[in-house]
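Scroll down for the structure; my scribbles are underneath it.
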2 protein chains.
Amino acid sequence: MNLKQLSEILGLSQTTVSRALNGYPEVNAETRERVEAAARKHNYSPNRRATSLATGRSMTIGHVIPASTQHEMVNPIFGDFVAGAAGVYGEEGYDMLFSHVTDGDEERAYTDLKRKGTVDGVIVQGPKVNDARIEVLTRLGLPFVVHGRSSGAGQDYSWVDVNNRRSFKRATEFLLDLGHRRIALINGLEDMDFAQRRRAGYLEALAERGVTPDQALMRSAEMTEVYGHHETRDMLALSDPPTAILAASMISAIGVRRAIEEAGLTIGKDVSVITHDDELSYLRNGQDVPIFTATRSSVHQAGRVLAEMLLRRIEDPSVVPEQILLEAELVVGRSTGPVPTGD
Amino acid sequence: MNLKQLSEILGLSQTTVSRALNGYPEVNAETRERVEAAARKHNYSPNRRATSLATGRSMTIGHVIPASTQHEMVNPIFGDFVAGAAGVYGEEGYDMLFSHVTDGDEERAYTDLKRKGTVDGVIVQGPKVNDARIEVLTRLGLPFVVHGRSSGAGQDYSWVDVNNRRSFKRATEFLLDLGHRRIALINGLEDMDFAQRRRAGYLEALAERGVTPDQALMRSAEMTEVYGHHETRDMLALSDPPTAILAASMISAIGVRRAIEEAGLTIGKDVSVITHDDELSYLRNGQDVPIFTATRSSVHQAGRVLAEMLLRRIEDPSVVPEQILLEAELVVGRSTGPVPTGD
DNA sequence: AATGTCATTCAAAGCGCTTTGAAAGCCTTT
DNA sequence: AAAGGCTTTCAAAGCGCTTTGAATGACATT
């Protein structure tokens with residue numbers, strides 16, 4: 001059932017039927033009702049591709065997944081973020097498209113997306129320091145918003161980010177207040193912008209209290225469970241092990257906990273742990289009392305906010321870029337305590 | 001730059017340029033080269049929507065996410081599965097589209113997808129017992145494959161599944177061999193088909209050894225960490241607590257571990273744990289020696305296999321449905337041991 | 001009665017591509 | 001020299017929709 005057939009059945013022109021269905025005012029109320037009834041009856045809905053070709057809009061939002069950072073996709077954080085965005089897309093009638101790109105081809109991918117008209121806009125995830133994508137997208141004129149920021153990207157662009165520097169600074173201060181001096185940072189990959197900012201906050205807090213940072217206590221990699229475990233085990237074996245650990249995600253914090261327990265130590269007593277908590281649906285930080293003391297910020301919510309921002313930009317691309325900086329809460333759980341008195 | 005412009009530049013008809021670019025044989029070799037060079041030079045690539053409209057193929061695969069089972073998307077397992085599928089789509093030039101559907105509207109969503117021509121096929125995830133989607137899709141004639149099976153769906157359809165019954169039977173037997181008799185099952189949601197089969201395997205093993213199943217030791221819910229923790233804590237408080245636990249996923253197993261340790265017990269000694277391990281990228285089951293004894297089957301691999309199967313069906317919808325039953329390995333880790341001798 | 005206005009409706013062009021059916025040009029065969 | 005067969009190219013139709021510009025008819029105004 002297509003528009004032509006429907007209009008023939010109704011004895012109307014395609015124009016009138018199309019207008020009736022799309023809510024244009026210059027259609028007789030009675031006619032409109034007849035058309036709508038017929039559409040329902042014959043189960044008509046317009047062909048997306050044809051509509052898209054005619055209007056120049058695809059009603060689809062793109063997410064480009066590079067093959068290397070394919071890890072991006074398997075990261076549980078990704079799921080919650082994307083689910084947040086998808087909720088908004090759904091409400092507004094947009095679909096979400098993932099384009100899987102072989103490495104280094106990102107620029108070409110965006111160019112293609114624009115030229116082929118596959119999507120109306122894209123969300124940039126996991127921005128690195130000095131991320132090239134921002135310049136490419138600005139140049140292409142393809143509407144986009146960034147989850148996070150990219151230091152040194154130059155352009156003025158739309159983003160939503162957590163105040164990573166401040167939240168990690170506060171977390172570090174919290175540990176310092178408890179008397180800890182040997183504080184380790186199990187960070188994410190440091191070419192990621194967020195990881196840089198977290199480290200900056202951590203270092204800033206140490207500096208203000210006159211604590212000299214120790215390279216041996218600063219680790220950086222993709223935030224898996226095994227990684228959290230491995231680095232913790234490694235650091236606990238040091239002659240001067242940390243008494244507190246800052247972890248970058250719930251997943252690596254789980255590895256941290258495993259290593260601490262394997263070492264026969266008690267979390268929150270022998271070793272304090274603070275993690276960043278993205279409020280992942282499948283990895284809630286406990287039920288009533290949080291398992292981990294944590295800097296908390298919902299990545300699901302961030303997904304919603306970004307999607308809304310992007311749709312606004314698509315509506316009116318001329319609007320000036322928006323920036324939203326979310327503050328993370330510092331919630332106290334059972335994983336932190338005063339520094340153990342040496343004996 | 002579109003086809004018309006490109007053909008004007010070249011002094012050729014659109015037909016010839018289109019054919020040259022699409023590898024049709026009836027184009028002079030020299031002409032083809034000229035066309036290809038020009039296309040590269042002017043950075044031409046065909047408009048997806050127009051191509052799609054003309055050919056009737058969208059080169060897109062759909063995944064429908066119901067709002068309720070939106071949890072589906074935030075499930076870390078989902079990420080790995082989808083990444084596996086996305087890899088195949090990428091290689092074959094397909095895109096992946098997520099359609100977010102308000103609840104109960106799934107049937108309409110599929111109907112729309114078909115009628116609007118948005119996708120060439122869909123992957124059905126998380127099939128329930130007697131899943132209605134299979135009948136709908138068969139009726140619509142929209143190519144599809146199922147990740148898992150749906151008992152009682154009647155139709156003959158294509159699927160890839162893990163032998164859940166057998167793997168949970170083996171895991172149970174493994175525990176029985178170690179002398180365990182109080183074996184708990186922390187299952188997934190039991191309207192999910194896979195959970196039913198796992199329970200069947202578990203019960204079968206118990207029955208063959210003459211062990212009477214205990215309802216108090218069988219739990220079922222969405223496989224989060226908190227759930228694993230909660231049920232374990234609850235069961236350990238029983239007057240006759242389990243000495244072994246079967247968990248449905250790494251995530252809930254992590255919660256199980258937490259509860260065991262909180263109770264001051266040692267995993268693998270006081271309580272044995274076996275989990276199903278989907279080989280999630282961010283939640284590897286240890287590095288060399290597995291953390292948990294586990295039934296292991298890569299969900300990433302399943303994603304690849306299903307995607308390939310679907311593309312085959314799209315190529316030739318008349319081909320008879322394929323079915324692949326994957327066997328899970330039973331790998332022994334440090335979470336299982338002989339039943340503690342009562343004292 | 002002639003003119004102007006408004007509310008409705010329509011025919012046709014256009015979005016950018018693929019594909020059908022025909023034409024043109026050049027060889028080969030008779 | 002005419003006919004037939006290849007190879008290569010092309011004009012035009014068609015995919016299903018939106019949208020422009022025009023037409024129609026009813027009604028109010030002069």
Side-chain angles (χ1 to χ4, degrees), chain A residues 1-36 38-39 42-60 93-95 111-120, chain B residues 1-39 42-60 93 95 111-120:
Chain A
M1 175 61 52
N2 59 26
L3 184 61
K4 191 172 171 196
Q5 293 167 25
L6 185 64
S7 58
E8 277 165 7
I9 288 174
L10 283 161
L12 289 168
S13 71
Q14 296 188 37
T15 310
T16 303
V17 176
S18 170
R19 299 203 133 143
L21 257 22
N22 290 316
Y24 281 69
E26 63 269 46
V27 176
N28 186 304
E30 193 183 310
T31 308
R32 186 190 306 278
E33 268 177 33
R34 256 184 63 220
V35 170
E36 282 171 350
H42 295 91
N43 217 4
Y44 168 79
S45 78
N47 179 303
R48 181 68 159 266
R49 297 185 300 233
T51 309
S52 191
L53 182 58
T55 59
R57 296 197 39 183
S58 64
M59 297 304 282
T60 305
Y94 281 80
D95 280 331
T111 313
D112 275 13
L113 238 37
K114 164 75 176 185
R115 199 168 46 224
K116 295 188 182 178
T118 322
V119 303
D120 293 335
Chain B
M1 173 63 52
N2 59 25
L3 184 62
K4 191 172 171 197
Q5 292 167 26
L6 185 65
S7 59
E8 276 165 5
I9 288 175
L10 282 160
L12 289 167
S13 72
Q14 296 188 37
T15 310
T16 304
V17 175
S18 171
R19 300 204 131 144
L21 257 23
N22 290 318
Y24 281 69
E26 65 268 46
V27 177
N28 186 304
E30 194 181 309
T31 308
R32 186 190 306 276
E33 269 179 32
R34 256 182 66 218
V35 171
E36 283 172 348
H42 295 91
N43 218 5
Y44 167 80
S45 78
N47 180 302
R48 179 68 159 268
R49 298 184 300 235
T51 309
S52 190
L53 183 57
T55 59
R57 299 203 27 188
S58 64
M59 296 304 284
T60 305
D95 281 331
T111 315
D112 276 12
L113 238 36
K114 163 79 175 183
R115 201 170 43 227
K116 295 187 181 178
T118 322
V119 304
D120 293 333

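We name chains A, B, ... by the order of the sequence lines, and we start the count at 1 in each one. Hydrogens, waters and symmetry mates play no part in the numbers below; they use all other heavy atoms, side chains included. Since the model is a prediction, treat every value here as computed from it, not as a measurement.
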**Asked** Should Asn22(A) be listed as having a side-chain N or O under 4.0 Å from OP1 or OP2 of dT18(D)?
**Response** yes
**Prompt:** Once you round to the nearest 0.5 Å, how far does CG of Leu53(A) lie from CG of Asn47(B)?
**Reply:** 6.5 Å
**Message:** So, OP1 or OP2 of dT19(C): does either fall under 4.0 Å of a side-chain N or O from Tyr24(B)?
**Reply:** yes
**Distance, nearest 0.5 Å, that separates CD of Gln14(A) from CG of Leu3(A)** = 4.5 Å
**Prompt:** Could you state the CD-C1' distance from Glu30(A) to dT9(C), rounded to the nearest angstrom?
**Reply:** 14 Å
**Prompt:** In whole Å, what is the span from the NZ atom of Lys116(B) to the P atom of dC17(D)?
**Reply:** 11 Å
**Message:** Quick check for you: to the nearest 0.5 Å, what is the distance between His42(B) atom NE2 and Leu6(B) atom CG?
**Reply:** 7.5 Å
**Message:** Please tell me whether Arg115(A) and Ser45(B) have a donor and an acceptor in their side chains that are separated by less than 3.5 angstrom.
**Reply:** yes
**Message:** Tell me the bend of the helix from dA1(C)-dT30(D) to dT30(C)-dA1(D) as the angle between end helix axes, each from five pairs, rounded to the nearest 10 degrees.
**Reply:** 70°
**Request:** Supply the atom-to-atom distance Thr16(B) OG1 to Asn28(B) CG, rounded to the nearest 0.5 angstrom.
**Result:** 10.5 Å
**Request:** Answer yes or no: does a side-chain N or O of Asn2(A) lie under 4.0 Å from OP1 or OP2 of dG16(D)?
**Result:** yes
**Message:** If the test is side chain to side chain contact (heavy atoms under 4.5 Å, CB included), which one of Leu113(A), Thr118(A), Val119(A) qualifies with Thr60(A)?
**Reply:** Val119(A)
**Complete:** In this structure, OG1 of Thr51(B) is separated from CZ of Arg49(A) (nearest 0.5 Å) by 10.5 Å
**Fill in**
Within residues 48-58 of chain B, the residues having a heavy atom closer than 4.0 Å to DNA chain C are Ala50(B), Thr51(B), Ala54(B), Thr55(B)
**Prompt:** Going by distance alone, is a donor N or O of one side chain under 3.5 Å from an acceptor N or O of the other, for Arg57(A) and Tyr94(A)?
**Reply:** yes
**Asked** Just how far, in rounded Å, is C1' of dC15(C) from CE of Met59(A)?
**Response** 18 Å
**Asked** Tell me: CG of Leu3(A) to P of dC15(D), nearest whole Å?
**Response** 13 Å
**Length of the CZ-C1' vector between Arg115(B) and dG16(D), whole Å** = 14 Å
**Phosphate-side-chain proximity, Tyr44(A) and dC17(D), N/O vs OP1/OP2 below 4.0 Å** = yes
**Asked** How long is the gap from CZ on Arg32(A) to CG on Asn22(A), to the nearest 0.5 Å?
**Response** 9.5 Å
**Message:** If only side-chain N and O atoms count, and only distance matters, is there a donor-acceptor pair under 3.5 Å linking Asp120(B) with Ser58(B)?
**Reply:** yes
**Item:** Shortest non-hydrogen contact between Met59(A) and Arg48(A), atoms and distance
**Value:** O-NH2, 2.9 Å
**Complete:** Once base and sugar-phosphate atoms are separated, protein heavy atoms under 4.0 Å mark nucleotides 7-12 of chain D, 5' to 3', with B, S and - as -BBBBB
**Asked** For the pair made of CG in Leu21(B) and P in dG16(C), what is the distance, rounded to whole Å?
**Response** 17 Å
